[in-house]
Structure formats: structure tokens, C-alpha cells
Amino acid sequence: MPKYAAIFYSVAFLSLAGCSNTVRTYTDTLKLAFNPGEGATLTKEQLADRKADALYATVGTLPRAQLALAYIEHGQYKWISADNAFLVLEHGRLVKTTGFDNDLLFVTGTDKDPLKQPMTKIQPGQQWQGATDWAVHQETGYKISYEIADIRVDKIELLDRQFDTKLVTELVTFSNGETAVNLFWFDLSSGLLLKSQQHIAPFWPAVELIHISSAARLMGIAKSGSRK
Amino acid sequence: MRVFSFVALTVLSFTSFCYAAGPVVLVKHQEQYNGYMKLPRLSEVVTTVNTVPALYWPAARLYKTDPESVNALELQRQELLKVLANLKQAYLLDDEAELAASTEALSQDVKNWVLAEQLFLALDPDKVRAKPALNPILRAGQYLLQVENRSETITVAGFAQNTEVQFINAADASDYFAGIKPLAGASSSFLYILPAAQQVIQAKIGLWNSQRQDVPAGAILYVPFEQRNLPSEFENLNQQVIELLQHRVVL
């Protein structure tokens, strides 16, 4: 009996939306928002006009790409590139990719990530460990450890403006013993993440992310819309 | 009055056009049924259940569960059971009691498999939403979508006593083989890995042929019969089992 009730309710709910059959996507927004030139920079006017936030992403030596915020779902920000690749961030940390040569499928243990705290609470010594799952060769469960090594004040320039930031330096240790350094720049006054350099695997180049729409919002250029 | 009933009739027929004959696609996920009045795209189906980040999409499986799909698989099962029965007879005639017993054990297992047609499609909502080529319209019918948290066990099938083993991080197939209790006649050189929604992978775990092959979470491991033990008429037995195993629903 309960089984049929469940069917009835789901069907009833979906029928109400069913006739118009629209799928909730940001596809139309993205077509308007993408700047066709890779490596090009958005002007302040363009940033002000955008409906979906932009993220600059530089993966290794590839030209800098502009990604658009496609979805915010259960605490994850999903940024899409012009060639339909995704970078998925949780509180600024890269936790999943699609469309790359060797995609990061999943990271376990992210609830212990210190980046999930308010910026002021991020302190040296905080550490966590996860396991990473990869697409190529079905490599599953490779340990990755993180430890916050240093915090200090730093200045960065975005959109011709100097931002006072808290620079968090994090030591990463991969399962094969290799290490790397992650950097995160948080706006000192608002706590928003503005920029990061992250390493997700010894076989992935460094990924640099600039949350340019967050910067624009702090400067009053962009309206409050989807925000980090 | 006539105008009113005409209008009412038009409205009624319009709405009943929309709500015609019940859902054309029904998708079961965990204990929930989601119905779609028009043929949905795959993205709609996977997005509907994608409500928590913990869902482990690399191990998701989508099955078509209509009677027609299942009936076709049922015929395949009966065929396989016949082959296994014949193989058992051949062993008994050859005085190979242990190999006959192993064959019988697998036969019993195959009899109890729940079968449905697994569809080999990318299911991760992020992949499926981004590329139209990965986002087909589903055919009408009933489906089962299995996607849960990252599993802590790996299902084992075939010529083994265990039905599952603990999932091990960063392990390869031979690490899993160490935890498997093989039946008489089982291979010690090969293991087959059936990852979710993908083609089978052969792992080489023998003394001389060994090569590293990782096992993804949510995979099924198949322990094959050693090829040397199989009479020539039964040389495709392992392939036959794997072909059916791809359509086994592990509950």
C-alpha cells in the first residue's frame, strides 16, 4: 500500500511540472555569459552584466579559462567550462572534475576539511585526511593528507584593486610520499575566498582558481547573485 | 449552459491530454518511485535523486526492469543453467566430484540472481548535464537506479565461497584475491572485475602473468573457473557467466 502511495505522490508532483517539461539548467545563461576568447579577461562591465558568476581557472600550462557557475547543489559549487568540463568545489576546495584526462571522481573525508570553517578559525596545525578516487585505471582510495602550515597577511591585486588577504599555506602529502603546497587567499574583511593554487594529485598539474565575481562583488561592481 | 459545458469539456480534454495514461517512465531509487509523464532525459532522472553529495555516482547502475527485458534475461539464465548442468554431468562421468560440486554451487547461485537489463550509460549528473551526447531520452518503461554511498564491500560471484569482501583503499585485484576463498577448480591467475555501468576488465593475478589492476568501489568481482579444467565444449563458460552477471541486480 505505501508503495502505491509513494508512486501516486511522486507522479502527482511531477505531473504538475510535467506539462511544461522544462529542465532546470543554466544553459541559456551560460551561452550569454561565456567570453569566447580563452585567456582573455572579463572587463568590469562584463562582470557587472553577468547572470552567473565567473571563475578563472588555470590548469598547468593550459591557457586560463573562464568557467561559469552552473549549479550550486548540496554544498558544492559546480563550475562549467566552454568545452563542458566541470570543476566542483566545496568551500573552495577542488573535490571533483569531469572532462579531463584523468578525472577526480570523489574525495572521502571532506567533512573534516578546515576550509569549511569560517576563515578566522583556520589555523596552522589543522589537518585532515581523505581518499581520492580516479577515472583512469580505476584507481580508487588513494590517501591524501593535508596540514595547514602557515597563515599570514598578504596583498593580491584583482581588477586593478589591492585586496588585503589572509594567505593560508597548506602542505599536501600524496599516497606515494610526494608532497605539494596549496595556497588559499581569503579577503580579510569578508572572509570570501578570492584565489587558490591547489594540487590534487602528483599526476595533475597545479590548478589556480580566481573567484573573480567574488572580487567584483566586494568592489560593488557585480550585484549579489550566486556567491561563494 | 451549452457554452459553459463546451468550455468545461475543452478544458477537461486538454488536461486529460496532459495527464493521459499514467507515467510513461517510472524510476525506482531506494524505496522511492519517481514517475515521468513525458519521456525524460537521463539528466532529469539522475538529478531527481541527486540530493546529497555523499551519493557515489561512479558506482551507480541503471537497469531496465520491464517484463520484456527481464524475460529475455531469464532465457539467458535458463540457457546458462543448462550448460552448468551439462558440465556437472561431464565432471561426474569423469570422476571429478569436487569440480562437479563447484559447478553445482555456482548453479545454485545463478538460480537466485535477480536479473534486469543494465544500461551502460554514464550516469554522473555532472557529466550527463554537460554533454548532450551523454544525455539521451529514456525509452518508456520501468527502471531501477542504484546509487548509494561509497560502498565498504565488494560483491564476489563465481567460483568462490565468499559473497563479498571488504573494500580496500588503493588495492589491486591480487590483494582482493588473498581474501577470497576459492572453490575447487577456480582460477588463481585471473579475476574479472565488473565495474558499474562499464565493460568487464580482466585482471592478471597469477604467478607469471601478474599486472597491477585496481578495483573501483562498487565493482563486482567474478572468480572464474580455470580454463584448463573446462572441457572444450564448455570453453566459453566464464564468458557466459559474465554476460549474465552484468545484468544481475545486487540488492
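Since the model is a prediction, treat every value here as computed from it, not as a measurement. A, B, ... follow the sequence lines: proteins, then strands. Residue 1 opens every chain.
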Practice item. Could you tell me whether B:Gln30 atom CD has more than 12 heavy atoms of other residues or ligands within 6.0 Å of it? Key: yes
Point to revise | Contact class of A:Thr110 relative to chain B, heavy atoms under 4.5 angstrom | key: neither
**Study point:** Value rounded to 0.5 Å, distance of CG in A:Leu105 from OH in B:Tyr56
**Key:** 6.0 Å
Check your understanding: Under a 4.5 Å heavy-atom cut-off, does chain A meet the side chain of B:Leu134, its backbone, both or neither?
Key -> neither
Review point. At a heavy-atom separation under 4.5 Å, does A:Val95 approach chain B through its side chain, its backbone, both, or neither?
Key: neither
Practice item. Check whether more than 12 heavy atoms from other residues, nucleotides or ligands sit under 6.0 Å from atom CG of A:Asp101, and answer yes or no. Key: no
Review point. With a cut-off of 6.0 Å (strictly less than), are more than 12 heavy atoms of other residues, nucleotides or ligands near NZ of B:Lys204?
Key: no
**Study point:** Spacing of NZ belonging to A:Lys78 relative to CG belonging to B:Asp126, to within rounding of 0.5 Å
**Key:** 3.5 Å
Exercise for review: Answer yes or no: is there an ion pair linking B:Arg150 with A:Asp133, defined by an N-O contact shorter than 4.0 Å?
Suggested key: yes
Practice item. Using non-hydrogen atoms and a 4.5 Å limit, figure out which bit of A:Thr140 sits close to chain B: side chain, backbone, both or neither. Key: both
Practice item. Tell me, for A:Gln76 versus chain B, whether the close heavy atoms (under 4.5 Å) come from the side chain, the backbone, both or neither. Key: side chain
Exercise for review: Could you check which of B:Val215, B:Ile168, B:Ile193 has the highest count of heavy-atom pairs closer than 4.5 Å to chain A?
Suggested key: B:Val215
Point to revise | Residue among B:Ala54, B:Ala130, B:Pro195, B:Pro58 with most heavy-atom pairs under 4.5 Å to chain A | key: B:Ala130
Check your understanding: With a 4.5 angstrom heavy-atom cut-off, which part of A:Lys143 approaches chain B: side chain, backbone, both or neither?
Key -> neither
Check your understanding: Can a cation-pi geometry be assigned to B:Arg129 and A:Tyr71, taking NZ or CZ under 6.0 Å from the six-membered ring centre and within 45° of the ring axis?
Key -> yes
Review point. If you count heavy-atom pairs under 4.5 Å with chain B, which of A:Glu139, A:Lys96, A:His74 comes out on top?
Key: A:His74
**Study point:** Under 4.5 Å from a heavy atom of chain A, the part of B:Ile201 involved
**Key:** side chain
Revision key, fill the gap. Applying a strict 4.5 Å limit to non-hydrogen atoms, the region of B:Asp172 in contact with chain A is neither
Exercise for review: Of all the heavy-atom pairs spanning B:Pro53 and A:Phe106, show the shortest one and how long it is.
Suggested key: O-CE1, 3.9 Å
Study note, to complete from the structure: Looking only at B:Asp124, B:Thr51, B:Val52, most heavy-atom pairs under 4.5 Å shared with chain A are made by B:Val52
**Study point:** Reported NE2-to-CG distance for the pair A:His137 and B:Asp214, which is rounded to 0.5 angstrom
**Key:** 9.0 Å
